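Working notes, structure below.
First the proteins, then the strands, lettered A, B, ... as listed; each starts at 1. Please read all numbers here as calculations on a predicted model, not as lab measurements.
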Amino acid sequence: MSVFWLVLIVFAIAAVAYVLSRARAMKSAEGDSRKLHSLPHFYAANGALSAAVPALLVLAIWLLAQPSVINSSVARVIPDHVLEQSGSLDLVMSDVRRVADGLDEAVRQGAMTNAEADDVRAGLTDVRRRLGDVGVALGSDVRPEVLYAAQRYRALNSTGALLRNIVVILIALVGFVLSYSRTHKDFRARNVVEKGIKVLLMAAASLAILTTVGIVLSMLFETVNFFKLHNWRDFFFGTTWAPNFRGDSELSILPLLWGTLYISIIALLVAVPIGLFAAIYLSEYAGPKVRAFAKPLLEILAGIPTIVYGLFALLTVGPLLLNIFGAEGLLGVGWMGGATSVLTAGIVMGIMLIPFVSSLSDDIINSVPQSMRDGSLGLGATKSETIRQVVIPAALPGIVGAILLAASRAIGETMIVVMGAGAIAKFSLNPLETMTTITTRIVSQLTGDGDFSSPETLVAFALGLTLFVLTLGLNVLALYIVRKYREQYE
Amino acid sequence: MYDAPSLENTLDQKAIKIAATDVQVYYGDTHAIKDVSVQIQDNTVTAFIGPSGCGKSTFLRCLNRMNDTIDICRVEGKILLDNEDIYDPKVDPVQLRAKVGMVFQKPNPFPKSIYDNIAYGPKIHGLARTKAELDEIVEKSLRRGAIWDEVKDRLQSPGTGLSGGQQQRLCIARAIATEPEVLLMDEPCSALDPIATAQVEELIDELRANFSVVIVTHSMQQAARVSQKTAFFHLGNLVEYGDTSQIFTTPVDPRTESYITGRIG
Ligand SMILES: Nc1ncnc2c1ncn2[C@@H]1O[C@H](COP(=O)(O)OP(=O)(O)O)[C@@H](O)[C@H]1O
Ligand SMILES: [Mg+2]
């Protein structure tokens with residue numbers, strides 16, 4: 001019985017609980033719902049929730065836990081000499097799982113019976129060929145130890161599934177019976193349901209938080225692995241980024257960080273003035289008609305996938321810059337070798353950030369109280385004097401926060417720099433040269449065909465974690481400033 | 001309930017500062033001010049009273065064209081300041097507002113230092129050529145705003161850090177600093193406690209010597225205490241206008257009487 005059917009059965013039990021609990025509550029009140037403590041549907045919901053929620057929770061935990069329990073128990077039956085031959089437990093275990101899947105497939109197609117699958121011996125039958133017949137290709141002959149482990153794996157899996165089904169259905173039934181027996185006209189079903197809903201919401205919130213923690217932890221583990229293989233001093237304080245596959249790579253974050261910051265600064269130089277002026281125009285000058293039309297339009301700009309901006313960088317902005325600064329360009333200076341450069345990526349990223357800066361600043365400028373503007377206008381200041389000398393200074397902390405948020409987006413941006421910035425890590429002040437960023441290096445180190453446990457690949461996690469810490473710090477600072485600013489006008 | 005008219009209230013000999021004739025104000029389709037004509041005298045405190053929503057603020061804001069900043073607002077009629085039509089296309093509303101200062105209901109100091117709050121208007125209008133002149137203007141304005149002694153030692157601290165009453169006097173000083181001829185005050189004491197109110201009222205009485213003051217107030221006691229002339233508005237109409245003493249003792253219109261005796265409001 002698959003998980004799908006199991007969940008359906010739990011829901012069916014919950015549905016029955018819903019109907020019966022309601023009926024029982026009504027009966028205990030002699031059919032007069034006014035005598036009940038709570039409205040009838042609360043009794044029904046209490047029944048359904050008691051049946052479904054604990055059962056589904058147990059199911060979820062079980063599904064998460066079973067694979068690792070089975071893995072470790074199967075791993076114990078694999079003899080040491082097999083481990084030594086294949087190098088690592090992970091490799092053997094993936095073999096085991098493949099063979100087990102193959103046996104499952106063979107049984108499903110009818111090429112073997114269940115009993116045969118449990119009994120085949122590698123010495124007597126050519127397992128590789130028989131599995132090949134049903135479409136499961138194995139790289140090498142199946143060793144008897146692996147076959148045995150695979151059979152064990154299957155056996156454990158099916159017992160596990162059976163046990164799981166029994167336990168989950170039992171819990172659903174117990175929940176139903178308990179809530180049913182408690183259903184009575186004086187039972188405070190409404191309060192219980194209220195608590196149940198609170199628990200559900202809390203579960204959702206903690207799931208979100210746990211995922212974040214999980215992401216950070218998994219990055220942290222790989223980062224630790226990386227620092228076991230590579231000197232941390234070189235990573236943080238070295239000056240060269242030169243991965244190779246001979247084992248003496250120089251993997252320093254500094255040149256990448258420089259590229260990242262340089263591009264981000266150019267992006268902010270583009271986005272902040274334009275975004276801010278757009279926000280000032282929209283919030284202070286534009287009439288309601290222009291506003292109704294321009295605001296959504298700007299926000300559409302924020303919804304364009306960054307890959308599209310990347311194409312724009314590659315196909316439009318890069319060649320345009322080359323036409324000006326290239327060897328045969330308008331200026332005839334030959335400062336620019338190719339279409340990819342810091343400037344290309346920076347300009348396009350700035351364009352991407354304009355709606356971000358403008359919509360945040362717009363909100364902030366709008367939250368400056370009207371009385372402040374009236375005060376200035378009442379003294380005979382013009383509109384632009386009022387904006388420059390009163391509105392903007394009053395909104396400044398909030399605007400700084402918005403800029404920091406934009407900066408953290410710029411630092412984490414990937415697609416535009418992959419397509420617009422180039423791939424060479426170096427320290428240079430020339431914005432027309434190609435440079436590379438942390439995010440692009442993460443992509444290229446992970447998508448290359450290097451060994452996953454080599455420092456050249458693992459460095460991606462160290463880079464990712466550094467980036468995470470950097471943007472997290474910026475975000476926290478920005479939110480702190482913005483919140484501080486909001487309080488000022490509460 | 002109000003002060004007896006003093007001897008100096010020989011109002012009719014004072015010059016007319018503002019003369020409004022047949023003023024209409026519309027907010028979109030709402031007719032907020034209907035056919036209002038009034039003559040406001042120089043060196044006089046004129047009080048606008050009336051129930052909420054009757055158009056006191058709206059009419060006050062016509063006098064320095066603050067209504068121009070509201071998109072849907074339309075003003076018709078004639079308003080003369082020293083015999084010049086302030087709605088004439090030649091008149092720059094920004095210059096006008098320097099001549100007709102305004103103080104608002106809620107104290108609204110800028111998020112700047114006390115000094116910069118006062119210096120803001122003079123700087124914009126170029127009233128001071130040197131730093132010393134500016135210092136002088138700031139000190140004089142703060143003195144006339146009756147707040148100099150309280151803030152002279154902390155001119156560089158933010159204006160928003162003062163108490164409500166101090167903030168309102170700061171705003172009055174700020175309005176005075178641009179050397180206006182008329183001061184408009186829209187319920188300047190409604191956000192203040194009784195002690196701060198008394199201080200501001202005292203200040204208003206002193207300001208009469210140099211300015212023509214128009215004050216909107218909800219408190220009839222306040223109108224009686226500080227004003228020499230009172231205008232009673234009701235549903236967008238100017239119902240009655242005259243000497244404060246006369247309005248409060250022998251109102252002509254039954255609506256005025258109902259209002260000052262507390263039957264409408
Ligand atoms: N900005 C505005 N937009 C639309 N209607 C307004 C606006 N300001 C005031 N009004 C309307 O004009 C009328 C007079 O308002 P107001 O002058 O503020 O009254 P008061 O100050 O006497 O309480 C009210 O009916 C009010 O709803
Ligand atoms: Mg008002």
Side-chain angles (χ1 to χ4, degrees), chain A residues 276 280-295 361-402 480-490, chain B residues 57 60-61 63-72 92-113 116-127 141 158-161 167-168 170-180 183-186 191:
Chain A
L276 200 55
I280 291 173
Y281 173 72
L282 283 181
S283 60
E284 301 284 330
Y285 287 94
K289 276 196 203 117
V290 178
R291 215 176 136 78
F293 157 84
K295 253 204 111 153
S361 315
D362 186 52
D363 290 348
I364 288 159
I365 291 174
N366 276 329
S367 70
V368 173
Q370 182 61 30
S371 68
M372 216 70 100
R373 297 181 183 86
D374 286 345
S376 172
L377 294 173
L379 287 172
T382 63
K383 207 157 184 169
S384 79
E385 282 164 348
T386 302
I387 291 166
R388 240 184 351 197
Q389 303 195 32
V390 175
V391 177
I392 296 293
L396 197 61
I399 291 173
V400 170
Y480 172 78
I481 292 176
V482 170
R483 187 158 316 146
K484 210 62 214 201
Y485 163 76
R486 288 263 150 79
E487 278 165 11
Q488 201 181 323
Y489 294 115
E490 295 288 80
Chain B
S57 301
L60 192 73
R61 292 158 60 91
L63 302 182
N64 68 345
R65 293 186 62 174
M66 274 299 274
N67 283 330
D68 291 16
T69 63
I70 299 172
D71 291 333
I72 55 167
D92 177 6
V94 170
Q95 289 302 325
L96 173 74
R97 288 183 207 135
K99 265 206 308 203
V100 184
M102 187 153 195
V103 175
F104 297 82
Q105 183 168 357
K106 221 179 122 221
N108 57 350
F110 303 134
K112 298 170 181 287
S113 70
D116 287 336
N117 261 284
I118 304 292
Y120 182 78
K123 270 187 193 160
I124 285 179
H125 298 294
L127 299 184
S141 308
T160 44
Q167 287 189 6
Q168 194 61 302
L170 179 71
C171 292
I172 294 174
R174 184 176 72 184
I176 294 170
T178 56
E179 298 287 335
L183 255 188
L184 309 177
M185 300 187 173
D186 194 350

* Sequence-distant partners of D362(A), side-chain hydrogen bond (donor to acceptor under 3.5 Å, both in side chains), two or more places apart -> K295(A)

* Any residue meeting side-chain hydrogen bond (donor to acceptor under 3.5 Å, both in side chains) with S371(A), in chain and number order, not counting sequence neighbours -> none

Chain A contact via [X] - side chain, backbone, both or neither, heavy atoms under 4.5 Å:
{"X": "P109(B)", "result": "backbone"}
{"X": "K112(B)", "result": "side chain"}
{"X": "R174(B)", "result": "both"}
{"X": "F110(B)", "result": "both"}
{"X": "V100(B)", "result": "backbone"}

* To do: Verify, without hydrogens or angle tests, whether H125(B) (side chain) and L379(A) (backbone) share a donor-acceptor contact under 3.5 angstrom.
  => yes

* Gap separating the CZ atom of R61(B) from the CG atom of D374(A), nearest 0.5 angstrom ->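 Nearest 0.5 Å value for the CZ-CG distance: 5.5 Å.
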
* **Spacing of NZ belonging to K383(A) relative to OG1 belonging to T69(B), to within rounding of 0.5 Å** =>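 Going from the NZ atom of K383(A) to the OG1 atom of T69(B) covers 8.0 Å.
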
* **Over all atoms of both residues, closest heavy-atom pair of I124(B) and A381(A)** => CD1-CB, 3.4 Å

* Asked: Looking only at heavy atoms, what is the nearest atom pair of G375(A) and F104(B), with distance?
  -> CA-CE1, 3.7 Å

* Residues, nucleotides or ligands: over 12 heavy atoms within 6.0 Å of Y285(A) OH ->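 Yes, OH of Y285(A) has more than 12 neighbouring heavy atoms, counting only those of other groups under 6.0 Å.
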
* Asked: Heavy-atom distance under 4.5 Å between the side chains of Q389(A) and K123(B), does that happen here?
  -> no

* Asked: Taking side chain as C-beta onward, heavy atoms only, is P111(B) less than 4.5 Å from M372(A)?
  -> yes

* To do: Under 4.5 Å, counting heavy-atom pairs only, tell me which of M102(B), R65(B), M66(B) racks up the most with chain A.
  =>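 When all of M102(B), R65(B), M66(B) are compared, M66(B) has the most.
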
